[in-house]
Amino acid sequence: MIGRDHIPVLLDEVLDLLDAARPGVYIDGTLGLAGHSREILKRNSQARLVGFDRDEAALAEAQRRLSPYANRIELYHADFRRIRDVEIDWAEVRGVLLDLGMSSFQLDDPARGFSHSQDGPLDMRMDRRQHLDAARVIDKYPEPRLAEMFRNYGELKPAAKLARTIASRRRMTRIESTAQLRAIVEEVCRWIPQKGKIHPAAKVFQALRIEVNEELTGLEEFLEFVIGRLPEGGRLAVIAFHSLEDRIVKHVFARSARPGPEAGLQAVASVDLLTKHPVVASAAETARNSRSRPAKLRAVRKHVHGA
Ligand SMILES: C[S@@+](CC[C@H](N)C(=O)[O-])C[C@H]1O[C@@H](n2cnc3c(N)ncnc32)[C@H](O)[C@@H]1O
């Protein structure tokens with residue numbers, strides 16, 4: 001069974017910020033193994049759920065885990081950015097959640113190619129229906145585009161050198177496994193393992209994953225769309241796992257919390273910030289679940305007029 005010991009990140013904090021005990025509709029844009037959604041449905045018998053995941057395996061597992069609540073759920077094998085295509089009774093929506101990034105089972109499966117610490121194909125597609133995978137990026141992108149990707153999405157210092165080395169190696173042999181790429185990174189970065197030091201391949205793999213899955217594209221539009229549609233008192237909570245995503249969330253929330261035309265949203269769209277600073281996992285949670293360490297949770301509530 002996949003992800004049997006799955007622990008949802010910042011669970012109590014999310015339920016609290018969504019005020020998930022209210023009757024109504026909750027939208028989970030990133031179901032994963034349905035850790036958060038299951039708790040909402042379990043604790044609140046008057047909650048209904050609309051869920052999305054673009055990973056077929058995640059969706060199947062979420063469906064299995066949510067089967068006790070089958071009459072209260074509607075699940076879609078789709079990108080949450082396609083939310084506009086789904087008919088939703090927004091007046092009934094009480095909370096929307098995004099828990100961005102990957103599920104632990106995706107990371108742990110070498111066949112998915114997300115992890116640099118296990119050998120596997122350079123795949124990294126969350127939605128395996130899509131054509132572009134990591135091997136194709138490494139094989140086809142021109143050198144300057146590779147450098148830009150490693151710099152912007154991985155914040156890697158020797159981005160240009162790594163791109164140059166990849167461009168020269170791929171003329172000799174096809175780079176198609178995670179181990180091959182990791183070896184090139186180790187060589188370029190002159191990696192010597194040291195306790196407490198993060199492997200440079202982590203940055204490179206992060207960059208590739210963001211590129212393959214277009215993780216930053218459309219996030220801002222999604223957040224603005226949801227803020228525009230939420231009814232008064234409706235809440236939106238987002239967990240980000242890297243600073244690039246968190247920055248987008250922070251800016252959209254801050255902008256939407258400011259009244260007036262500079263908000264740049266629909267005229268009525270305005271929210272109250274529920275988290276002045278991002279909520280992070282407690283020491284107890286990070287000790288239990290190391291994946292929770294980089295998590296940053298931010299939330300807003302659609303402004304209640306006259307309140
Ligand atoms: C961190 S996991 C979610 C974990 C979930 N909250 C839980 O507790 O089980 C993120 C999930 O979101 C999915 N995902 C990431 N980006 C997505 C997107 N743009 N649209 C739909 N699903 C996405 C991934 O496939 C993955 O299953």
Side-chain angles (χ1 to χ4, degrees), residues 1-15 17-18 20 26-43 49-66 69 73-86 95-109 112-115 123-130 132 206 209-223 225-226 236-242 244-246 248-249 281 285 288-297 299:
M1 191 194 301
I2 53 178
R4 197 179 23 201
D5 306 322
H6 172 64
I7 318 170
V9 167
L10 293 165
L11 176 63
D12 290 337
E13 293 83 348
V14 164
L15 297 183
L17 284 166
L18 288 180
Y26 293 83
I27 300 175
D28 186 343
T30 53
L31 272 169
L33 300 182
H36 296 96
S37 286
R38 186 161 63 173
E39 285 305 310
I40 294 174
L41 293 162
K42 190 161 103 188
R43 297 184 195 190
L49 178 86
V50 178
F52 297 81
D53 204 294
R54 56 178 168 175
D55 185 313
E56 203 171 11
L59 193 77
E61 185 59 17
Q63 193 145 26
R64 197 188 65 72
R65 288 175 184 226
L66 297 178
Y69 317 102
I73 63 175
E74 217 176 282
L75 306 186
Y76 295 92
H77 179 206
D79 196 304
F80 63 72
R81 292 170 290 194
R82 299 199 54 196
I83 195 165
R84 290 167 196 272
D85 303 342
V86 173
V96 179
L97 172 67
L98 288 187
D99 176 12
L100 294 164
M102 289 170 301
S103 251
S104 39
F105 85 90
Q106 292 167 326
L107 190 65
D108 295 343
D109 180 357
R112 304 296 300 267
F114 285 109
S115 168
D123 188 325
M124 300 196 196
R125 288 169 301 166
M126 286 187 194
D127 187 338
R128 288 161 126 176
R129 294 170 298 187
Q130 84 175 42
L132 186 73
Q206 170 181 299
R209 206 194 81 207
I210 292 175
E211 177 69 25
V212 168
N213 298 291
E214 298 184 52
E215 288 182 29
L216 303 178
T217 317
L219 179 58
E220 184 170 338
E221 286 88 328
F222 172 86
L223 299 174
F225 175 79
V226 169
L236 167 61
V238 184
I239 306 177
F241 286 87
H242 54 75
L244 300 165
E245 255 164 11
D246 183 54
I248 296 174
V249 179
E285 179 169 357
R288 224 174 31 241
N289 176 13
S290 60
R291 272 207 73 237
S292 66
R293 193 163 293 126
K296 285 197 169 134
L297 166 63

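The shown structure was predicted, so the numbers you read here are calculated from the model rather than taken from an experiment. Counting starts at 1 for both ligands and their atoms, in listed order.
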Original post:
Between Arg82 and Asp79, is the closest basic N to carboxylate O distance under 4.0 Å?
Top reply: no
**OP:** Run through ligand 1 for me and note each protein residue having a heavy atom under 4.0 Å from it, chain first, then residue number.
**Re:** His6, Pro8, Gly29, Thr30, Leu31, Gly32, Leu33, Ala34, Gly35, His36, Asp53, Arg54, Asp55, Ala58, Ala78, Asp79, Phe80, Arg81, Asp99, Leu100, Gly101, Met102, Ser103, Gln106, Met126
Subject >> SB check Arg129 Asp55 (cutoff 4.0 Å) >> reply: no
Subject >> Flag side-chain contact, heavy atom, 4.5 Å: Leu98 against Val226 >> reply: no
Subject >> Worked verdict on Lys296 versus Ile239 for side-chain contact (heavy atoms from CB on, under 4.5 Å) >> reply: CA-CA 5 Å; Lys296 285 197 169 134; Ile239 306 177; over 6 Å; no
Original post:
Checking Arg81 side chain against Thr217 main chain: does a donor-acceptor pair fall under 3.5 Å?
Top reply: yes
Original post:
Looking only at atom types and distance, does a side-chain atom of Arg54 sit under 3.5 Å from a main-chain N or O of Asn213, one as donor and one as acceptor?
Top reply: yes
